[in-house]
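Written below as structure tokens is the structure these notes are about.
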Amino acid sequence: MMCSSTVGIIGRARTVIVVPSAGRAFVSAVLAVSSEGPGEERLRMRSRIGLDPDAIAHAEATVVPTVVQILDALGASIPIWEVTIEGLDAIGVYGADAVQGGHSVELPLFLTMLSSALELPLRQDVILTGALISLIGTIGPVGALPAKVQAAREQHEVREFVYPAFGADGSLNVMAPAEAERIEAALAEAREQFHATPVHDVAEALMVAVQELDIPLAILRKGIFGHAVPNCFPESPVRRAAAHLLKNHHERFWSATAAALTQSDRPGAEALLAAFLGHHMREGHYPSGMGKRLMHTLAGLAPLRRRSLQFPLTDFGRCLEVGLLGGTEDAADVTVLLQAVEGRVLSHACVSSAIPPVVSAQEVDYSAAEDTTDLVLSRLSAEFLSSAISRPIDEARLTFNPGFVTSDSWDDVVDVIMSFYVHLMGKLGVTLDLTDRTALEAESLAYLNEAYARAGGIEGAKLEGELGVNGGMRSILDAMADFRKQKDYEKSVLFTFTTAMKGRNDSAREKFVQAVFARFGSLLPVDLCEAPIERFTARWEDLARAIARCLNEMTQTLRRL
């Protein structure tokens, strides 16, 4: 969990103020509070000490319209902003002309106004500097960058420094060589401590300053969940910023909810669920599949993590109200939603008809691709298989903590195995039937028995779970993940071979197998490479399985090095 100095805060963006008379720069922050009300004056500065009036006028002419354009594109209301620059009065003791210019606060000003209007938190481990040089959200250069970088380096909690992408607009070409070298040197030193990120426009800056998982709650609370950017809106950084906030609403919501539950952040999960239910109450329809999705998310948590949560997760009465909006086809899912909210997860009390049967694993669909030998062979590469198959499985394993290494209780081990099995399948897009605990336990243990076959199957897993000779639960879960990779590698390679061999005559099949040997021949003994190709063409399925096992073993070995 992030410390209080780095968590997201609404209406506050950190920046750097240059004080020439002091010969240095100070880390500060721009704060904005928004309120509804009429009036042409949308931006009100509470403190103007040390700020160039021309800079304030420029901000009013560029920053405000840019924020308004984004809010218009989102379909959100336009507030009035009251802005303060933190510590500016204290900095002003250096003289009335203490602060240089003021254009460099325009980027953090933009972000804090947008944050305030949308109730969208901004990262506090990021420091930003940049001027807005157009009404479409282009970011331009600022002065005294080396001093600003140095000020940021003095803040140990800073993880990222955002600055205008010098050079893209030719600005480096008109600088004195010595100044350009000082900038490059300052940025190079900064990268030893934190990320130094150049940005060209407000869309790029927004993607850095806002965490993905903070977006769903803000969008739900503002009543713009499910909105789309109007087609008539011109393509620009402003449009890209709005589009970023409006994309993948449902997947972002479920990712944020899963993250909150995984971190035992019940208040965060409760806020998300309440906002989601409230949205569908206003829309007048039941969120199809919500119960199944929430149950699957909870079932995929480590048992100790799940037991640490307080139930119900959200207002039970509101769930009933939303459930009444559903049709007869939603009745079973409403029942599962109520069970999940109450915490009745993987229990024998779950009704047996609430969720449809297990959905089979998704096939890798290559049918739309051009069927050429090179393309088919590219699907046999370790890089392709690792990207297409290993990544979600690795993510599932890395994000699951069993909570213990060894246990005297086989029941506790079984609970972890079941939960990890659900978690793993969920990451792979496979929906399991969670209504019958006995059946799910049998399915999970059957999977474990295959995955742990080399180490004694279920009996070997019992001993490992009790004694921890090879890492305890880590060894068991690693074996389950690796087994899934092996199966999916084999399925993918077999599908690739089948695609290549299906409908071809013997001559075409031999040419394909020859191409396979040409690709992998350097890894094989000479006698195999010189053997008659017919020997392998006739048994191409065995050849495919051998390649799959080889690539999987190589990937796992290299990963462990």
Side-chain angles (χ1 to χ4, degrees), residues 250-251 253-255 257-259 261-262 288-306 332-333 336-337 339-340 344-347 350 352 354-365 385-403 413-453 457-458 461 473-492 495 548 552 556:
H250 283 87
E251 284 309 309
F253 165 77
W254 284 111
S255 294
T257 302
L261 293 170
T262 299
S288 178
M290 181 181 181
K292 183 166 61 176
R293 189 72 181 262
L294 182 59
M295 181 70 81
H296 211 281
T297 299
L298 288 167
L301 298 177
L304 291 179
R305 181 77 67 181
R306 188 166 57 245
D333 192 73
V336 178
L337 173 62
Q339 291 174 341
R344 288 189 283 150
V345 182
L346 297 181
S347 66
C350 292
S352 60
I355 306 178
V358 177
V359 177
S360 60
Q362 296 176 346
E363 294 288 346
V364 181
D365 182 13
L385 293 172
S386 178
S387 174
I389 294 172
S390 295
R391 189 172 300 162
I393 297 174
D394 288 338
E395 182 183 345
R397 180 64 190 92
L398 289 171
T399 54
F400 188 93
N401 182 358
V413 174
V414 170
D415 281 347
V416 170
I417 290 167
M418 273 201 304
S419 295
F420 179 66
Y421 182 67
V422 173
H423 179 66
L424 175 62
M425 295 299 111
K427 288 290 185 182
L428 296 173
V430 179
T431 304
L432 299 174
D433 183 357
L434 306 179
T435 62
D436 187 340
R437 179 190 167 93
T438 302
L440 179 63
E441 181 177 325
E443 183 178 339
S444 303
L445 291 178
Y447 179 91
L448 172 67
N449 193 47
E450 285 190 86
Y452 219 65
I458 289 178
M473 290 306 304
R474 185 187 67 185
S475 170
I476 295 171
L477 300 184
D478 285 348
M480 292 175 70
D482 288 345
F483 180 65
R484 181 68 194 199
K485 286 182 191 177
Q486 180 183 326
K487 289 184 68 174
D488 284 1
Y489 268 44
E490 187 170 306
K491 180 190 296 184
S492 179
F495 188 85
N552 185 47
Q556 298 311 314

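Computed over heavy atoms, backbone and side chain alike; hydrogens, waters and symmetry mates excluded.
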* Atom CZ in Arg344, atom CZ in Arg437: separation rounded to 0.5 Å? -> 15.0 Å
* Asked: With Tyr447, which of Tyr421, Phe420, Tyr452 fulfils ring-ring contact (aromatic ring centres under 6.0 Å, His included)?
  -> Tyr421
* Residue pair Thr262 / Thr399, side-chain heavy-atom distance below 4.5 Å -> no
* Calculate, to the nearest 0.5 Å, the distance between atoms OG1 and CG belonging to Thr435 and Leu346 respectively. => 10.5 Å
* Structure fact -> Looking only at heavy atoms, the pair that brings Pro402 and Val416 closest together is CB-CG1, 3.7 Å
* To the nearest 0.5 angstrom, please state how far the CZ atom of Arg306 sits from the OG1 atom of Thr297. => 11.5 Å
* What heavy-atom pair brings Leu424 and Ala396 nearest, and what distance separates the two atoms? -> CD1-CB, 3.9 Å
* Structure fact -> Interatomic distance, CE@Met473 vs CG@Asp478, rounded to 0.5 Å, equals 10.5 Å
* Structure fact -> Smallest heavy-atom separation, Ala302 atom then Ser419 atom, equals CA-CB, 4.5 Å
* Less than 4.0 Å between a side-chain N and a carboxylate O, is that true for Asp333 and Arg293? -> no
* To do: With rounding to the nearest 0.5 Å, note down the distance linking CD1 in Ile393 to CG in Asp488.
  => 5.0 Å
* Contact summary for Leu448 and Ala461, nearest pair of heavy atoms -> CD2-CB, 3.8 Å
* Asked: Where is the tightest heavy-atom contact between Met295 and Ala340, given as atom of each residue plus distance?
  -> CE-N, 3.8 Å
* Asked: In Å and rounded to the nearest 0.5 Å, what is the CE to OG1 distance from Met425 to Thr431?
  -> 11.5 Å
* Leu434: which of Val336, Leu298, Leu440 passes side chain to side chain contact (heavy atoms under 4.5 Å, CB included) -> Leu440
* To do: Please name the residue in the list Arg484, Lys485, Arg474 that meets the side chain to side chain contact (heavy atoms under 4.5 Å, CB included) test with Arg397.
  => Arg474
* To do: Determine, step by step, whether Glu395 and Leu398 satisfy the side chain to side chain contact (heavy atoms under 4.5 Å, CB included) criterion, reporting the C-alpha distance in whole Å, the side-chain angles of both residues, the deciding distance to 0.1 Å, and the verdict.
  => CA-CA 5 Å; Glu395 182 183 345; Leu398 289 171; 5.9 Å; no
* Parallel, tilted or perpendicular, as decided by the 30° and 60° cut-offs, for the rings of Phe400 and His423 -> tilted
